[in-house]
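Lettering follows sequence order; numbering is per chain, from 1.
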Amino acid sequence: MLMMMRATIAASSSSLKVGYGSRSSTSRLRLRGMLPCLLHSSSAVVVFFDNYLALFHSRASKSTEPRNTQQHQRGKITDVEDALNMFDEMLQRRPLPSVFPFNQILTELAKMKHYSAVISMNNQMVVSGIRPDVYTLAIIINCFCHLNQMEFGLSVLGNFFKLGFEPNVTTCNTLINGFILQNRVAEAATLFNKILDSGNCKPNVVTFGTLVKGLCAKGNNTAAIQLLKKMGEGACKPNIVIYNTIIDSLCKDTLVADALNLFSEMTSKGIAPDVMTYTSLVHGVCKLHDWKEATRLLNEMVSKHIFPNVYTFNVLVDTFCKEGMVQEARSVVEMMIQRDIEPSTITYRSLMDGYCLRGEMDKAK
DNA sequence: CTAGGGTTAG
């Protein structure tokens, strides 16, 4: 059973495709000017990974030590394989561990998007006599939602009552998010109103954030901003996630001026921008070929000790590649490696597209 | 230990 699951997970790694983009030539000199501000900004090696994965995800990749040795020494999980091994081992332990460490493993696997694995593992747990708790059920609902199986997700609600639990805000937020993932924003809103009426649990800032995201996904920035304004009047004040969601949505529509307005609004309210805010803005101005503004933003973030991470760098790599400047893209990748930021498959995909584009251009000559 | 935000491509 577990062997089959392993094979499925191993096979599910994404396949690579190569695409060709269309091109327009622009002022390359100024685009190139984005590089120095990054080169000179290295005040310290930044800890780009927060501790949300710390329990299982150490930065073991940098070590030359074999993974198994490490795992046995520290009891930490570094990848899917380790998670599954630990899960097996825990199921065989007597007495059985509590549901808590199992939840931890399921959480990590869900973060790695192995949703169906999480669901089958949960079934195994139940068979082995481990009682799910509120956390487990929320994890399962979330997995069903991400698998586009909302109906199954909703049916887990039945288990709550069977087990004597009451759904909480997190449960509701998860379901609302599930509807939104399927673009069923109306049903999400209905559920939201039901929560309000029932009085069992109050919507919180995450609830609002989920709705804002749904409105943005529908392309309704105006409604998202209206909701933001309403929040400003109510008890549940908008936070950085809400602002970032809308700022990103505006940037995707290249409404950078509006995005910058929200940006100053949030800072004036004492909400400090973070690396996500700046990544969205940089992305927005890159789309507009405004290299000068991109450089300004990069300088500004670094001056605030907010350092570009893999997302930010990927935006830059992709931008350079789309401009046909593969050499510059490569030097960004070099920069990433120097800073201990591992380039991702997305980085390399952009590079590959960049090289394909070069090939096309050379052929055209 | 559970929920919302930023990167590529088709």
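In the interface, the side chain of A:Asp353 is not paired with the base of B:dG10 through any donor and acceptor atom under 3.5 Å apart. Contact annotation: side chain of A:Asn309 to base of B:dG6, donor-acceptor pair present below 3.5 Å. A donor and an acceptor atom sit less than 3.5 Å apart, one in the side chain of A:Asn204 and one in the base of B:dA3.
For A:Ile346, counting side-chain heavy atoms from C-beta on, the closest listed nucleotide (B:dT8, B:dG6, B:dG4) is B:dT8. Closest approach to the A:Tyr135 side chain among B:dC1, B:dT7, B:dG6 is made by B:dC1 (side chain taken as heavy atoms from C-beta onward). Among the nucleotides B:dC1, B:dT8, B:dG4, the one closest to the side chain of A:Asp133 is B:dC1. Side-chain proximity of A:Val205 to the nucleotides B:dG4, B:dG6, B:dA3 is greatest for B:dG4. Closest to the side chain of A:Thr312, out of B:dG6, B:dC1, B:dA3, is B:dG6.
Here B:dG4 presents its P atom at 5 Å from CG of A:Asn142, a figure rounded to the nearest Å. To the nearest angstrom, C1' of B:dA3 lies 14 Å from CG of A:Leu137. A:Asn314 has its CG atom 13 Å from the C1' atom of B:dA9, to the nearest Å. Here B:dT7 presents its P atom at 12 Å from NZ of A:Lys113, a figure rounded to the nearest Å. Note: CZ (A:Phe307) to P (B:dG6) measures 23 Å, nearest angstrom. Atom CE in A:Met150 sits roughly 15 Å away from atom P in B:dA3 (whole-Å rounding). Between the P atom of B:dG4 and the CD1 atom of A:Ile246 lies a distance of 17 Å, rounded to the nearest Å. With rounding to whole Å, A:Lys111 atom NZ is found 11 Å from B:dA3 atom C1'.
Of the side-chain N and O atoms in A:His146, none sit less than 4.0 angstrom from OP1 or OP2 of B:dA3. Distances shown here put a side-chain N or O of A:Asn177 below 4.0 Å from the OP1 or OP2 atom of B:dG4. Residue A:Lys213 places at least one side-chain N or O closer than 4.0 Å to OP1 or OP2 of B:dG6. Dashed line: the shortest gap from a side-chain N or O of A:Lys322 to OP1 or OP2 of B:dA9 is under 4.0 Å.
Closest heavy-atom contact between A:Leu191 and A:Phe179: CD2-CE1, 4.1 Å. Taking all atoms of both residues into account, the shortest heavy-atom contact from A:Leu351 to A:Ala329 is CD2-CB, 3.9 Å.
A:Phe160 is listed as a side-chain neighbour of A:Leu157, based on a closest heavy-atom distance under 4.5 Å.
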Please report, to 0.1 Å, the donor-acceptor pairs under 3.5 Å made by any side chain of residues 227-237 of chain A, with sequence neighbours excluded.
| from | atom 1 | to | atom 2 | distance (Å) |
| --- | --- | --- | --- | --- |
| A:Lys229 | NZ | A:Glu265 | OE1 | 3.2 |
| A:Lys237 | NZ | A:Gly232 | O | 2.6 |
| A:Lys237 | NZ | A:Gly234 | O | 2.8 |

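Aromatic ring pairs are classed by plane angle as parallel below 30°, tilted from 30° to 60° and perpendicular above 60°; the pair A:His146 and A:Tyr115 is parallel.
In this pair, A:Phe100 does not lay its aromatic ring on the base of B:dC1; centres under 5.5 Å and planes under 30 degrees do not both hold.
Residues A:Asp248 and A:Lys252 are paired through a salt bridge, judged by an N-O separation under 4.0 Å between the basic side chain and the carboxylate.
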